[in-house]
Undergrad: 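Below you'll find the structure I mean.
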2 protein chains.
Amino acid sequence: MKRDSRLSGVLHILLHMAQQPGPFTSETLAKAMDTNPVVIRRVMAGLRELGYVRSEKGHGGGWTLACDLSKVTLRDVYVALGSPALLAMGNRTEAPGCLVEQAVNAALDQAFHDAEALLLSRLGEVTLAMLSDDFRKRLGSRKHQGMRAHRA
Amino acid sequence: MKRDSRLSGVLHILLHMAQQPGPFTSETLAKAMDTNPVVIRRVMAGLRELGYVRSEKGHGGGWTLACDLSKVTLRDVYVALGSPALLAMGNRTEAPGCLVEQAVNAALDQAFHDAEALLLSRLGEVTLAMLSDDFRKRLGSRKHQGMRAHRA
DNA sequence: GTTTCATGTAACTTTATATGTTACATATTT
DNA sequence: AAATATGTAACATATAAAGTTACATGAAAC
């Protein structure tokens, strides 16, 4: 399976937006993310629906943060993306008439469920504000070395 | 991403094999699993290398269990498959020069790592023997209703 | 009001990976 | 030698993320 990097990507976008007022066009963000503007609009659509960002058309338009960063967790962002699958593995079939399959599924489902619950819980513990603070801390350290925030 | 069901599948195979002496041909197993013999050989290859099963060619050949089921955990089987990715999500890029990306990756990696560790730990707690016992328990219940073990 | 700029979205292409299939070499038993 | 089974390469298919193209819609600038 191809690893889904939308959560990572959209967090990257949000943190960039948190560093200056905006608005930011999809094209600007796409360049910073080294991708396509349409991809940006796609991943941002869910966040707009939940009110975490706003978008405006026309001159001077673009994307703007519309939430309290200390109130939005990584889990909220994940949900805004449509809660995509967390695990790369799954059962061969659901609704198994085979008792062997039932035994296997029961054991795996238990483990899978626990891991998903922990991951969601961890994501729910981290707010965008915490990430932003971490970024600024890193920025401070690097500034002492006379380097730039953005190199990629 | 497409969910990886090889672990589920190979466990299914092993449990079927545990119910009678064998050996089992790839074709027999493939029919029970509703798939192709080559797929069976592919997922069994790793298990053979670790000595959990044996395979023999020619007349009367096929696959045989070669381990103590109470000594092999689901985690062992997972490793035998080549330790495929557990999580469907990952970071956009590794080796990020961008400090924003570093902050995002650090937070996600922590959550991802914890979830993976828990999943591996859970898989390590369950042996094939436990699964087999569970299967036989289910078989017992169903027998009381006059039904067959295999319906799919 | 027309031009320009920006998002919104559908449709298509590309890429990666699991899964399925075909073909054939190799080994073992009869 | 024939039959049976694994071993494996090569190719085909399915699915989902990611990238691209095209065009409609709406808002600001002139």
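Values in this document were obtained by computation on a predicted structure and should not be read as measured data.
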Undergrad: Describe the nucleic acid contact of A:Arg42 in one word from base, sugar-phosphate, nothing, applying a heavy-atom distance below 4.0 Å.
TA: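 The residue A:Arg42 makes base contact.
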Undergrad: Select one nucleotide: of C:dT7, D:dA3, C:dC5, the one nearest the side-chain heavy atoms of A:Trp63.
TA: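 Between C:dT7, D:dA3, C:dC5, the one nearest the side chain of A:Trp63 would be C:dT7.
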Undergrad: Is it true that B:Lys137 and B:Asp133 have a side-chain N and a carboxylate O under 4.0 angstrom from each other?
TA: no
Undergrad: From the list D:dA18, C:dA10, D:dT6, which nucleotide is the closest neighbour of the side chain of A:Val38?
TA: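 Of all the options, the side chain of A:Val38 is nearest to C:dA10.
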Undergrad: Between atom CD1 in A:Ile40 and atom P in D:dG19, what is the gap in whole Å?
TA: 9 Å
Undergrad: Check whether A:Asp109 reaches the backbone of A:Ala106 with its side chain - one donor and one acceptor, N or O, closer than 3.5 Å.
TA: no
Undergrad: Below the 4.0 Å mark, does C:dA6 have OP1 or OP2 next to a side-chain nitrogen or oxygen of A:Ser55?
TA: no
Undergrad: Starting the side chain at C-beta, find the nucleotide from D:dT20, C:dT22, C:dC5 nearest to A:His59.
TA: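 Looking only at heavy atoms from C-beta outward on A:His59, the closest nucleotide is C:dC5.
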Undergrad: Report yes if a side-chain nitrogen or oxygen of A:Ser5 is closer than 4.0 Å to either non-bridging phosphate oxygen (OP1 or OP2) of D:dA18; otherwise report no.
TA: yes
Undergrad: Does D:dA17 have OP1 or OP2 sitting under 4.0 Å from an N or O in the side chain of A:Arg3?
TA: no
Undergrad: For the side chain of A:Arg48, starting at C-beta, report the closest nucleotide among C:dT21, D:dA17, C:dT9.
TA: C:dT9
Undergrad: With heavy atoms under 4.0 Å as the rule, sort B:Gly62 into base, sugar-phosphate or nothing.
TA: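 Here B:Gly62 touches the backbone only, sparing every base.
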Undergrad: For residues A:Thr28 and A:Thr25, is any side-chain donor paired with an opposing acceptor at under 3.5 Å?
TA: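 Note: A:Thr28 and A:Thr25 side chains meet the donor-acceptor criterion.
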Undergrad: Among D:dT6, C:dA18, D:dG19, which is the nearest nucleotide to the side chain of B:Arg41?
TA: D:dT6
Undergrad: Does D:dA5 have OP1 or OP2 sitting under 4.0 Å from an N or O in the side chain of B:Ser26?
TA: no
Undergrad: Would you please confirm or rule out a distance under 4.0 Å between OP1 or OP2 of C:dA6 and any side-chain N or O of A:Thr25?
TA: no
Undergrad: Checking contacts here: which listed nucleotide (C:dT7, D:dG7, C:dT22) is nearest the side-chain heavy atoms of B:Asn36?
TA: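 Minimum distance to the B:Asn36 side chain belongs to C:dT22.
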Undergrad: Send over the distance from B:Met44 CE to D:dT8 P, rounded to a whole Å.
TA: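 Interatomic distance, CE of B:Met44 to P of D:dT8: 14 Å.
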Undergrad: Quick check for you: among C:dT21, D:dG19, D:dG7, whose closest atom lies nearest to any side-chain atom of A:Val39?
TA: D:dG19
